[in-house]
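Scroll down for the structure; my scribbles are underneath it.
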Amino acid sequence: MTDKPAVAKAVAEMSFEEAMAALETVVTQLERGEVALEQSIALYERGAALKAHCAEKLKNAEEKVELIRAAEGRAVSTTAVEGM
């Protein structure tokens with residue numbers, strides 16, 4: 001499977017929005033169940049890579065927001081306060 005690094009590289013270059021759209025496409029194809037087993041496995045692997053990429057992008061965005069809020073002297077935590 002020599003094309004795995006190429007797939008990973010393509011995913012790594014995607015914006016969050018591109019990766020989410022690609023992940024939605026993968027999920028739709030898998031849900032239909034109209035693909036062969038080997039293709040399903042490849043789609044699942046791609047979906048896992050896309051999910052991880054999106055999670056990393058979200059984590060980075062959250063960290064940036066926390067830094068901005070901290071620089072402004074505002075609360076950094078995103079944890080909800082009980083009773084609110």
Side-chain angles (χ1 to χ4, degrees):
M1 308 220 75
T2 59
D3 60 331
K4 274 189 181 179
V7 168
K9 182 177 180 184
V11 169
E13 294 173 358
M14 289 180 173
S15 68
F16 175 80
E17 293 77 12
E18 291 169 329
M20 281 299 293
L23 183 55
E24 288 176 16
T25 300
V26 166
V27 170
T28 299
Q29 289 176 319
L30 288 171
E31 285 178 340
R32 282 192 203 139
E34 297 174 356
V35 294
L37 178 61
E38 291 301 316
Q39 186 180 3
S40 292
I41 293 169
L43 282 170
Y44 187 87
E45 288 175 338
R46 180 162 175 81
L50 289 163
K51 178 187 174 285
H53 181 68
C54 288
E56 184 66 24
K57 290 279 190 183
L58 282 174
K59 180 180 156 230
N60 291 339
E62 288 172 349
E63 289 171 356
K64 287 179 184 178
V65 168
E66 286 183 19
L67 288 173
I68 292 167
R69 291 177 62 103
E72 294 174 344
R74 295 169 55 195
V76 177
S77 176
T78 57
T79 305
V81 176
E82 276 193 47
M84 294 191 107

task: Applying side chain to side chain contact (heavy atoms under 4.5 Å, CB included), name anything that partners V65, two or more places apart in sequence or on another chain.
output: R69

query: Rounded to the nearest 0.5 Å, how far apart are CD of E56 and CG of N60?
result: 4.5 Å

field: Spacing of L58 atom CG and E63 atom CD [to the nearest 0.5 Å]
entry: 11.0 Å

- request: Not counting sequence neighbours, list each pair that qualifies as a side chain to side chain donor-acceptor pair (under 3.5 Å) and has a residue in residues 18-34.
  value: S15-E18

Donor-acceptor under 3.5 Å (H53 side chain, M14 main chain): yes

- line: L30 and L43 have their tightest heavy-atom pair at CD2-CB, 3.9 Å

- prompt: What heavy-atom pair brings S40 and V35 nearest, and what distance separates the two atoms?
  reply: OG-CG2, 3.0 Å

message: Between L50 and M20, is there a side-chain heavy-atom distance shorter than 4.5 Å?
response: no

- request: Take atom OH of Y44 as the centre, draw a 6.0 Å sphere, and report whether it contains more than 12 heavy atoms from other residues, nucleotides or ligands.
  value: no

